[in-house]
*Asks:* 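Let me give you the structure first, and then I'll get to my questions.
Model, not experiment: these values are computed from the prediction. Each ligand, and each atom within it, is numbered from 1 in the order the structure gives.
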Amino acid sequence: MRFVSVNGVTLHHAIIGDPARKPVLVFVNSLGTDFRIWHDVADRLKEAATILLYDMRGHGLSALGGKAARIEDHAADLSGLLDHLGVEDAVICGLSVGGLVAQALYQSRPDLVRALALCATAHKIGTPEMWNGRIRAVEQGGMESILDAVMERWFTPAFRSSDNAAYAGYRTMLVRQPVAGYVATCAAIRDADYTAAATRIAVPTLCIVGDHDGSTPPDLVRSTAALVPGARFEMIADAGHIPCVEQPEALCALVRSFLLCLYQEA
Ligand SMILES: O=C(O)CCC(=O)CC(=O)O
C-alpha cells in the first residue's frame, strides 16, 4: 500500500513487480469502485507484466482533491503518478470511467501510452439527463439509494445470488465510496466526449465488454471499437459491467494475448 501526492491530491496505489521492467500494465478503476476490483486479474497477470493499480481521486483511499475534477484532471493524476514512478511507456487498461481516463491520457501524454485496453467503456457514456438524475439521487438519498439499480448493471443474475459472499462484498464497496467523490466523477463522465478523439488513436487498442453489461452495453462498446483505427472488439460471456470481478480468467486471457502481440512485435 503506497501513497503519493500528485497535483495536490493524495493517490493510493500499489505496484506488483519492478516499474523499470516492461511491460507495465496500469489498471484504472470504474465509478463507485476502487483498485481492489483488479485483485484476481492482477494476481493472474503478475508473471506477464509489472502491475500498477491506483484509486482514482474521490474513490477508495485516494483523496477527493480540491475542485470538481474533469476526466482530463484524472488523466493528469495518472500521468503525474507514472512520472513519479519513472514509467515511460505503459499499457493502460481502464474500466468504464477508467477507460475514459485512459483515452484522455492518450490525448494529453501519448508518449506514456504503448497501447490501450478499453474495458466496458466507450467514447461517450450516458446522457447529461441520466447523469444529472443520478447525481440528484445520490445527493438526496446517499449511495444506498442507487445500490440495487447499479448492481443490476454491474453483475449478471447468477452473480447476484444472496448466498454469494463476493456479491455482498461489492455491494459494500459501492456504498462505502464517498458521496462527494462519486458525484464529482458522475459530473466528469457527463461532461466527457471522446468521439472525435477516438478516431485519432494511433496505438493498438483492444475493446472488451461483458455480454450482460447494463452500463456500457455491447453495442456501445462495439461502436467505440469501430471509431478507433484498427481496434479489436471482444465480448466476454456471462459478465456484466465488471468482468475483472465476474470473469477474471476470460479477461486475463484477452489481455495476455494482447500483451504477447504487442511485445513480440517490439
Ligand atoms: O462504471 C462507470 O465507471 C460508469 C458507468 C456507470 O454508469 C456504472 C454504473 O452503472 O453505475
*Asks:* For residues 78-88, which residue pairs pass the side chain to side chain donor-acceptor pair (under 3.5 Å) check, not counting sequence neighbours?
*Replies:*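 Sorted result for residues 78-88: D83-R109.
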
*Asks:* Using distance alone, decide if ligand 1 has a nitrogen or oxygen within less than 3.5 Å of any nitrogen or oxygen in G98.
*Replies:*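 No; the residue has no nitrogen or oxygen that sits under 3.5 Å from a nitrogen or oxygen of the ligand.
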
*Asks:* Is the shortest N/O to N/O distance between S215 and ligand 1 below 3.5 Å?
*Replies:*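 Yes: some nitrogen or oxygen of S215 is under 3.5 Å from one in ligand 1.
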
*Asks:* Same hydrophobic cluster for M235 and W154, using side-chain heavy-atom links shorter than 4.5 Å among ILVMFWY?
*Replies:*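 Not linked; separate clusters.
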
*Asks:* So which protein heavy atom does atom 7 (O) of ligand 1 come closest to, and at what separation?
*Replies:*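 So the nearest neighbour among protein heavy atoms is R134 NH2, 2.8 Å.
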
*Asks:* Assess whether a salt bridge exists between D191 and R70, defined as any Lys/Arg side-chain N lying under 4.0 Å from an Asp/Glu carboxylate O.
*Replies:*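 No, no charged N to carboxylate O under 4.0 Å.
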
*Asks:* What part of V150, side chain from CB on, backbone N/CA/C/O, both or neither, has a heavy atom under 4.0 Å from ligand 1?
*Replies:*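 It is the side chain that touches ligand 1; the backbone stays farther off.
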
*Asks:* By number and element, which atoms of ligand 1 are closer than 4.0 Å to a non-hydrogen atom of S30?
*Replies:*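 Going through ligand 1 atom by atom, the ones under 4.0 Å from S30 are 1 (O), 3 (O).
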
*Asks:* Would one find more than 12 heavy atoms of other residues, nucleotides or ligands at under 6.0 Å from atom CZ of R176?
*Replies:*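 Counting other residues, nucleotides and ligands, CZ of R176 stays at 12 neighbours or fewer.
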
*Asks:* What residue and heavy atom of the protein are closest to atom 3 (O) of ligand 1, and at what distance?
*Replies:*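 Here the nearest protein heavy atom works out to L31 N, 2.8 Å.
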
*Asks:* For the pair F159 and Y167, name the ring-plane relationship: parallel under 30°, tilted 30 to 60°, perpendicular over 60°.
*Replies:*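 F159 and Y167: perpendicular rings.
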
*Asks:* Taking N or O atoms only and a 3.5 Å limit, does V97 qualify as a polar contact for ligand 1?
*Replies:*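 Yes; the residue has a nitrogen or oxygen that sits under 3.5 Å from a nitrogen or oxygen of the ligand.
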
*Asks:* Give a yes or no answer on whether the side chain of N7 reaches the backbone of A76 with a donor-acceptor pair at less than 3.5 Å.
*Replies:*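 Checked: pair present.
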
*Asks:* How would you list, by chain and number, every residue that makes a ring pair (Phe, Tyr, Trp, His ring centres under 6.0 Å) with H12, sequence neighbours excluded?
*Replies:*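 Expected list: F3, F35.
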
*Asks:* Students should be able to answer this: which protein heavy-atom is nearest to atom 1 (O) of ligand 1, and at what distance?
*Replies:*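 Atom 1 (O) of ligand 1 sits closest to the protein heavy atom H241 NE2, 2.8 Å.
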
*Asks:* Which residue and non-hydrogen atom of the protein lie closest to atom 4 (C) of ligand 1, and at what distance in Å?
*Replies:*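 Result for atom 4 (C) of ligand 1: S96 OG, 3.1 Å.
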
